[in-house]
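What follows is a short report on a single structure.
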Amino acid sequence: MAIVTIPELDRKIEGDQAVRELLAPFGIDYERAEPSRPVPPGASADDLLAAYAEKIDALKAKGGYVTADVIDVFPTTPGLDAMLNRFNAEHWHSEDEVRFIIEGRGVFHIHPEGQPVMGVEVGPGDLIRVPAGIHHWFDLCADRRIRAIRLFRDPAGWSPNYTHTGVDQQFQPLCFGPAYLPPSAGV
């Protein structure tokens, strides 16, 4: 379940419906997405795409997407820091950014024009679509793990168009989900 924080307004929004209603006026779609059949941990990319085929096909028909793939990032992924540096500065795309989160957690920092920055923490089961043109950036949570299905209109993918405003430097990639609560001290 996504958690939205708006530091400038000292707000934290939880719950699928509340998150969906908060993001909708900015054209951002959020929902929970479940596979059509159980998918074991470590399933191949092809198995994931097949398990989510019905939802992928519906999104392709609605949004004009032509390709879907699986990105699988671990803390040991070669070149991880360079890859993350492409996406953790404020930017926009000429294409939507669509993600089904399968494993791991991350934060989409969304910065609609004239509005405060919102941190949308996503985790397993979350589906988010950030429309073309919306300023945003993405950070992994502390475990530096994400597995997600991505959809594209252009089979070559998209390239970030950086804003160079520096607003992203004012925010930390904080994750608030239960996996990041410190363990209780034993008595």
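Please read all numbers here as calculations on a predicted model, not as lab measurements.
- Under a cut-off of 6.0 angstrom, the local environment of CG in D10 is sparse, with at most 12 non-hydrogen atoms contributed by other residues, nucleotides or ligands.
- Within the model, atoms CD1 of I102 and CD1 of I71 stand 12.5 Å from one another, a figure rounded to the nearest 0.5 Å.
- K12 is listed as a side-chain neighbour of I3, based on a closest heavy-atom distance under 4.5 Å.
- In summary, of the residues considered (D69, I56, D72, V39), a side-chain contact (heavy atoms from CB on, under 4.5 Å) with L48 occurs for V39 alone.
- Among residues two or more places apart in sequence or in another chain, the side-chain contact (heavy atoms from CB on, under 4.5 Å) test is passed with V66 by P155.
- L84 is linked by a side-chain contact (heavy atoms from CB on, under 4.5 Å) to L80, L140, R144, counting only residues two or more places apart in sequence or in another chain.
- Between the OG1 atom of T165 and the NE2 atom of H135 there is a distance of 8.0 Å, given to the nearest 0.5 Å.
- Of the possible donor and acceptor atoms, none in the side chain of R150 sits under 3.5 Å from a partner among the backbone N and O of T67.
- Distance alone, capped at 3.5 Å, places no donor-acceptor pair between the D139 side chain and the V107 backbone.
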Run the numbers on F171 and T5 for side-chain contact (heavy atoms from CB on, under 4.5 Å), then give the verdict. CA-CA 11 Å; F171 294 85; T5 56; over 6 Å; no

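- In this structure, the side chain of D168 engages the main chain of E90 through a donor-acceptor pair within 3.5 Å.
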Report the C-alpha distance between F138 and R99 in whole Å, list the side-chain angles of each, state the deciding distance to 0.1 Å, and finish with yes or no for side-chain contact (heavy atoms from CB on, under 4.5 Å). CA-CA 12 Å; F138 180 79; R99 300 288 182 270; over 6 Å; no

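- At a threshold of 4.5 Å between non-hydrogen side-chain atoms, the residues M83 and V73 count as touching.
- Side chains of V4 and I110 form no contact here, defined as non-hydrogen atoms less than 4.5 Å apart.
- V122 and M1 are assigned to two separate hydrophobic clusters, defined by single-linkage of ILVMFWY side chains at heavy-atom distances under 4.5 Å.
- Among all heavy-atom pairs drawn from R37 and A50, the shortest one is NH2-CB, 3.3 Å.
- Here OH of Y30 is found 3.5 Å from CG of D126. Values are rounded to the nearest 0.5 Å.
- For CD of E113, the number of neighbouring non-hydrogen atoms (other residues, nucleotides, ligands) closer than 6.0 Å is 12 at most.
- If you take CG on L127 and CG on L151, they are separated by 8.5 Å, rounding to the nearest 0.5 Å.
- Under the 4.5 Å side-chain contact rule for hydrophobic residues, I134 and W92 do not share a cluster.
- Cluster membership check: V70 does not share its hydrophobic cluster with F87, using side-chain heavy-atom separations under 4.5 Å among Ile, Leu, Val, Met, Phe, Trp and Tyr.
- Applying the salt bridge (charged side-chain N to carboxylate O under 4.0 Å, His left out) test to every pair with at least one member in residues 50-61, sequence neighbours left out, gives these pairs: E31-K55.
- For residues 33-68, the pairs satisfying ring pair (Phe, Tyr, Trp, His ring centres under 6.0 Å) are Y52-F100, with sequence neighbours left out.
- Q115 pairs by the side-chain contact (heavy atoms from CB on, under 4.5 Å) definition with F26, P112, not counting sequence neighbours.
- Judged by distance alone, with hydrogens and angles left aside, the side-chain atoms of Y162 form a donor-acceptor pair with the main-chain N or O of R86 at under 3.5 Å.
- V98 has its side chain out of reach of I149: every pair of non-hydrogen atoms, C-beta onward, lies at least 4.5 Å apart.
- Counting heavy atoms from C-beta on, the side chains of P131 and E97 never come closer than 4.5 Å.
- Note that CD of Q169 is 9.0 Å distant from CH2 of W137, once rounded to the nearest 0.5 Å.
- By the criterion of side-chain heavy atoms lying less than 4.5 angstrom apart, applied directly or through intervening Ile, Leu, Val, Met, Phe, Trp or Tyr residues, V19 is grouped together with I6 in one hydrophobic cluster.
- Shortest non-hydrogen contact noted between G119 and H109 is CA-ND1, 4.2 Å.
- Every residue two or more places apart in sequence or in another chain that forms a side-chain contact (heavy atoms from CB on, under 4.5 Å) with E103 is listed here: R145, R147.
- Between R11 and L22 there is a side-chain heavy-atom pair separated by less than 4.5 Å.
- Between I101 atom CD1 and I128 atom CD1 the span is 8.5 Å, to the nearest 0.5 Å.
- The two atoms that bring H111 and P116 nearest to each other are CD2-C, 4.3 Å, heavy atoms only.
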Before you tell me yes or no, could you show the steps for H136 and H91 under ring pair (Phe, Tyr, Trp, His ring centres under 6.0 Å), namely the whole-Å CA-CA distance, both residues' side-chain angles and the distance that decides it to 0.1 Å? CA-CA 6 Å; H136 68 284; H91 63 276; 4.5 Å; yes

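- Listed here is the closest heavy atom pair of G104 and P124: O-CD, 3.3 Å.
- Between N161 and S94, the shortest heavy-atom contact is ND2-N, 4.2 Å.
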